[in-house]
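Keep in mind it's a predicted model, so treat the numbers as computed, not measured. We number each residue from 1, following the sequence as shown.
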Amino acid sequence: MSGTRTARKALVIGGGIAGPVTALALRKAGIEAEVFEAYPTSADGIGGTFMIAPNGLAALAAVGLGAEVGAVGQLIHRMVLEDGKGGVHAEIPVGGRVMRRAELYTVLQRRLREEGVPVRYGKRLVGVDEGPTGVTARFADGGTADGDLLIGTDGTRSVVRELIDPAAPGPQYTGLIGVGGHSAHRLDGVPGRAESVHFAQGGRAFFGYWALPDGAGTTWFSNIPQPEQLSPEQARGTSRQEWLALARELHADDLPARDVLAEADAATIEVFPRLEIMPSVPHWYRGRLVLVGDSVHAPSNSSGQGVSLAVESAVELARCLASHPDLPGALAAYEAARRPVVEEVAARAAEVNGQKASAGAGS
């Protein structure tokens, strides 16, 4: 990632996953980067579990993180589609890794420190001032920062997206709640279930699971139809025991969900009430502002591609900035390369999501 630099310094707004990867990709492209996070502290230990697909692993390897990422989480060789009764519809080779968000976050934060990339906390963006040669970010604490380019990696509720286009769409609720946890039920002795992630549309909810290494039990999740979106506070108003009881009720006639949930530990339950997608965003960039990751393309969790697409876009943006002689050309090339890819994934995932939601918790 080297060549003519269209920017000397980039301000990266958002310190989750896409932001650090963007900063590291820019660093490899010879562009200085500084990360600004709205929350006052780091997100160590926070977040659920996700899978990084082969394209995402390749993007992380491109910024020099292949070995570190390959040492965390669990290798997944195949994806198995089941009928909810123990039968198999199809097996698809994958070659991805499942891991806790916190594991990847730790890897990224360590590399940022090693590379000397500054991360500023408590920096909530409230506005930008653009000039002919640069951009100034303004923060809620009264501080400012100057750069040649401002990159929004600030998630589905992106402030940068609104600054680029006040009429841009916001995130849309999928009609599903995510509930998941750990079960002592062992599946490692069942043929075909080792190093595989399994998905099954049950009678009233969608179920996913995979066996943990060394017979340590099973990680599971259920996508539960919920017509009206709950706030995090409302979700916390239902106890973990109640969420587990609901999952057991909805999957009472599904296999192996029924058996996995029978040995599930309520203390490990995590609830994600905001399963959202980003509809097509008309403007990915304007002037010296550009979007990366969930701020511009957040497909349904049904895609299994959210993180992978985000880190791919981070690497592609850095590549375009390094290979084009002017900023408008670089940003146009970035959008042209990424928009068709992410919108195709989003369309396929939306179809699957509709099937999940139509199962209906009350059917």
* Asked: Can you say whether the rings of W220 and F207 are parallel (under 30°), tilted (30 to 60°) or perpendicular (over 60°)?
  -> parallel
* To do: Identify, with sequence neighbours excluded, every residue that meets salt bridge (Lys or Arg N to Asp or Glu O under 4.0 Å) alongside R120.
  => E34
* Residues forming a salt bridge (Lys or Arg N to Asp or Glu O under 4.0 Å) with D129, sequence neighbours excluded -> R138
* Common cluster, Y121/L150, ILVMFWY with side-chain heavy-atom separation under 4.5 Å -> yes
* Asked: Between D254 and K85, is any pair of side-chain heavy atoms under 4.5 Å apart?
  -> yes
* Listed partners of R286 passing salt bridge (Lys or Arg N to Asp or Glu O under 4.0 Å), at least two apart -> E130
* Would you check, one step at a time, whether the test side-chain contact (heavy atoms from CB on, under 4.5 Å) holds for E228 with Q234? => CA-CA 11 Å; E228 295 184 6; Q234 288 174 315; over 6 Å; no
* Sequence neighbours left out, what passes salt bridge (Lys or Arg N to Asp or Glu O under 4.0 Å) with E162? Give chain and number order. => none
* **Point-to-point distance, once rounded to the nearest 0.5 Å, from CD1 of I52 to CD1 of I76** => 12.0 Å
* To do: Could you pull out all residues at least two apart from V159 that satisfy side chain to side chain contact (heavy atoms under 4.5 Å, CB included)?
  => L125, D154, L163
* Asked: How far apart are the closest heavy atoms of V315 and A25, and which atoms are they?
  -> CA-CB, 4.1 Å
* Any side-chain heavy atom of S295 sitting closer than 4.5 Å to one from M278? -> no
* To do: Only one of V160, V35, L26 passes side-chain contact (heavy atoms from CB on, under 4.5 Å) with I151; say which it is.
  => L26
* To do: Taking atom CZ of R101 as the centre, report whether more than 12 heavy atoms of other residues, nucleotides or ligands fall under 6.0 Å from it.
  => yes
* **Candidate pair V345 and H297, rule side-chain contact (heavy atoms from CB on, under 4.5 Å), full reasoning** => CA-CA 10 Å; V345 171; H297 55 71; over 6 Å; no
* Indicate the ring-plane relationship of H198 and Y209, choosing parallel, tilted or perpendicular according to the 30° and 60° boundaries. => parallel
* Is atom CD of E233 surrounded by more than 12 heavy atoms (other residues, nucleotides or ligands) closer than 6.0 Å? -> yes
* Return each pair, listed once, that meets side chain to side chain donor-acceptor pair (under 3.5 Å) where at least one residue sits in residues 55-68; pairs must be two or more places apart or across chains. => N55-Q305, N55-E312, E68-R111
* To do: Please step through side-chain contact (heavy atoms from CB on, under 4.5 Å) for the pair Q226 and Y173, ending with a clear verdict.
  => CA-CA 10 Å; Q226 168 64 37; Y173 175 51; 3.3 Å; yes
* Asked: Got I164 and V290 here, is their nearest side-chain heavy-atom distance under 4.5 Å?
  -> no
* Distance, nearest 0.5 Å, that separates CD of E82 from CD of E91 -> 9.0 Å
* To do: Give the intermediate values and the outcome of side chain to side chain donor-acceptor pair (under 3.5 Å) for residues R161 and T156.
  => CA-CA 9 Å; R161 184 177 64 243; T156 56; over 6 Å; no
* To do: Show your reasoning for whether side-chain contact (heavy atoms from CB on, under 4.5 Å) applies to W210 and F221.
  => CA-CA 10 Å; W210 58 92; F221 71 86; 4.3 Å; yes
* To do: May I ask whether Y39 and I46 are part of the same hydrophobic cluster, defined by side-chain heavy atoms of I, L, V, M, F, W, Y residues being less than 4.5 angstrom apart, directly or through others?
  => no
